[in-house]
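This report concerns only the one structure given below.
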Protein chains: 4
Amino acid sequence: MNKTKEKIFNAAIDIISQKGFYKATMDEIADKAGVAKGTLYYHFNSKDDILIFLIDEGLSLLKNQILEKISHMKNSVEKLREIIVVQSNFLFKYKDFVLILLSQLWGKEDIQNSFREKIYDYLKIIEDIIDEGIEEKLIERCDKKLLSSAFFGMISSLIIFQFRNNDIIDPEHIADSVIEYTFNGIHYRD
Amino acid sequence: MNKTKEKIFNAAIDIISQKGFYKATMDEIADKAGVAKGTLYYHFNSKDDILIFLIDEGLSLLKNQILEKISHMKNSVEKLREIIVVQSNFLFKYKDFVLILLSQLWGKEDIQNSFREKIYDYLKIIEDIIDEGIEEKLIERCDKKLLSSAFFGMISSLIIFQFRNNDIIDPEHIADSVIEYTFNGIHYRD
Amino acid sequence: MNKTKEKIFNAAIDIISQKGFYKATMDEIADKAGVAKGTLYYHFNSKDDILIFLIDEGLSLLKNQILEKISHMKNSVEKLREIIVVQSNFLFKYKDFVLILLSQLWGKEDIQNSFREKIYDYLKIIEDIIDEGIEEKLIERCDKKLLSSAFFGMISSLIIFQFRNNDIIDPEHIADSVIEYTFNGIHYRD
Amino acid sequence: MNKTKEKIFNAAIDIISQKGFYKATMDEIADKAGVAKGTLYYHFNSKDDILIFLIDEGLSLLKNQILEKISHMKNSVEKLREIIVVQSNFLFKYKDFVLILLSQLWGKEDIQNSFREKIYDYLKIIEDIIDEGIEEKLIERCDKKLLSSAFFGMISSLIIFQFRNNDIIDPEHIADSVIEYTFNGIHYRD
DNA sequence: AATGAATGAGTTTTCATTCAT
DNA sequence: GATGAATGAAAACTCATTCAT
């Protein structure tokens, strides 16, 4: 990604997360990026194309962060813990990107179907680890597809939680809590 | 809600869930409803107004279903179980509405802020029950705001799960699984 | 064709014949028609659509004029003479339309192919009459497809003749000359 | 014309005849020519300039072919026959060029006026021969301007004939037919 | 001679909204 | 209550042209 494309990339995340994809205009993005409108079209084919590029780049970053972190781990429960930590941190560091992503997952149009396909790839990573955990008798036998979806939704929706308590939030604390609830449940024990 | 307004209401849910709010046009909604475009403006002030009406009606319905079901329950854990069951069923019965709702929660514009406020009211119901559960020593001491968000996200994201496995899905089975994971966790036990 | 559509139709012919289809802008057409730009799109789907409508209407008019005139004629040579007269008159009366038509016949894009198809329908009328003439031994045996093309081109190109001599031209005189050359040739006879 | 300019020239004929002058883009022409877009502007001042160059080159070629062929002929009827043969052959050999030329003759803009002026120069050659023929009593007294226009249109429109019958066509046969019709007319004779 | 990234004015198109009937 | 023709501001997109390298 060269200098100009990166300027556009950053401006696009900024504007689109602020106003939403449809209310964001190419004029505003160009303006924010400090380039002419035509320059957007020199680097991207269309407005949709910018969105696709954004989501591809963002999801790649998240995936790579996770794969790198868990590559040298042995224990599948440790891996799941790490995913929660990384995803939580990612959520707060790249909040604007995550908002764009989450706003695009619910449609029935081709472009949204393609975005969901990319999410499925991500969920597949989690499922594989759940599989490992089950084999190692560290995780209870369960519906892994259901679980990975729930997992993703649970963590993602924390962004709504953050909107609500818009004071400073500690991703480490959140990760700890989510791990605790997820593994031990919320049922009272002595 | 009279006959015409109801036709518009149903057409709006249909079209907006299909194409997304911004790609849905007043022409299409009018067409689907079998009325003239002007008629939309007789019953609603604006396109935004239709969306607001949709979300208000849908959330009221969900809230009322839940409040009615749990009103005569004593045990807070039973109440939470019931909420999961009702919300899962709602999710599959009014899938189109839920898709519209979920697509609108992630923006920073006034209208989306107002939608999130409405979600917070809904989460408040869950929080109060968690509070009861903690007092009755049925639920572990926990961050109830965090937990209710996670709760909502987990159940909502099941709609992504359903997109993925677009064969028939049993909401009852899903509710059972979610309850099991939520209360007992996924940690392996003998 | 209602009042508004007719205003647009006339403005389109005016502007497009003046500037050419690609240099004519929707703004100019709307302006000339005395309607808002949006109104163009209420009555036509696109700029191309206006062109297609123009050409359809124009060719229908020409065809109808001819068919009406020759319907009660018996002699095929008389019919051909009449076609030359009608087409010449049409050429000068609806010069702007003819210029638009002629500028669109030479491309390889879908839209131009479709325009040529419409011309072929017109040429078919001429061919049929040539056939009649041959059967009646009034016209020499000849390649009727080649001849009808040549016929069309010869008459149409007179518009270039008129550009050159932009003083007043008498369509009747032109028709007479064309008929004379066509039937008797230009070879000198005593 | 050096190597690069020639590559551009050929690419321009190819692309412009395919898409039409206005739909052809400098990007496409550069792409087809295998040079960078900037290079087009090193060899030509503007897009219009390319078109003007194209038409000048093409018409010069046609004129020179004709003048060369008829220079040693004495009989004016023979000369006219030869013009028809040459023009027909040219039509089929440089079909793409002819399509571009024909698409540009019908506008009222300065550039099209200038193209018509060049056509008039070409028609002048024909007129002069007609004059000769009349003086030599080989051709009937006639309106030579009208006749040369008709002549040009008749031959040019054969390209439409070729579009229609897009199988192989023999220019020699076409030339023979045109000569026959032109000189002797289509009137039936015993 | 040649390049190709950048430009921005100009164009088509969209569509929520209005209003006279 | 209902209509639908008309609107016009706003948007996406195009592309010939420039210019620093």
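Numbers restart at 1 for each chain; the letters A, B, ... are given by sequence-line order, proteins then strands. Note that the structure is a prediction, hence the values are computed from the model and not measured.
Taking the six-membered ring where tryptophan is involved, the planes of Trp106(B) and Trp106(A) are essentially parallel, since the angle between them stays under 30° and well short of 60°. Ring geometry, Phe90(B) versus Phe97(B): the interplanar angle exceeds 60°, so the pair is classed perpendicular (tilted spans 30 to 60°).
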Considering only nitrogen or oxygen atoms on both sides, find all protein atoms under 3.5 Å from nucleotides 11-15 of chain E and state each distance.
residue: dT12(E); atom: OP1; partner: Ala24(C); partner atom: O; Å: 3.4
residue: dT12(E); atom: OP1; partner: Lys47(C); partner atom: NZ; Å: 2.9
residue: dT12(E); atom: OP2; partner: Met26(C); partner atom: N; Å: 3.0
residue: dT13(E); atom: OP2; partner: Tyr41(C); partner atom: OH; Å: 2.9
residue: dT13(E); atom: OP2; partner: Lys47(C); partner atom: N; Å: 3.0
residue: dT13(E); atom: O4; partner: Lys37(C); partner atom: NZ; Å: 3.1

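Under a 4.0 Å N-O distance rule, the pair Asp96(C)/Lys108(D) qualifies as a salt bridge. In summary, Glu28(B) and Lys19(B) engage in a salt bridge, as defined by a charged side-chain N under 4.0 Å from a carboxylate O.
Distance, Phe44(D) CZ to dA1(E) P: 14 Å, rounded to whole Å. Look at CG on Asp31(A): it is 12 Å from P on dG8(E), rounded to the nearest Å. Remark: P of dA16(E) and NE2 of His43(B) are 18 Å apart, rounded to the nearest angstrom.
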query: In dot-bracket form, how is DNA chain E paired, counting a Watson-Crick or G-U wobble pair only if both its distances are under 3.5 Å and using | for bases paired to another strand?
result: .||||||||||||||||||||

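Taking the ring axis of Tyr42(D) as reference, the NZ or CZ atom of Lys5(D) does not stay both within 45° of it and closer than 6.0 Å to the ring centre. Judged by a 6.0 Å distance limit and a 45° cone about the ring axis, Lys47(D) is not positioned over the six-membered ring of Tyr41(D).
Expressed to the nearest 0.5 Å, how far CD1 of Ile13(A) lies from CD1 of Ile8(A) amounts to 13.0 Å.
Side-chain N or O atoms of Asn10(C) include one that pairs as donor or acceptor with a backbone N or O of Glu6(C) at under 3.5 Å.
Side chains of Ser114(C) and Glu117(C): a donor-acceptor N/O pair is absent below 3.5 angstrom, by distance only.
Of all the residues in residues 4-17 of chain B, not one reaches under 4.0 Å from DNA chain E with any non-hydrogen atom.
Under the side-chain contact (heavy atoms from CB on, under 4.5 Å) rule, Phe21(C) has a single partner from Ile16(C), Ile50(C), Ile100(C), which is Ile16(C).
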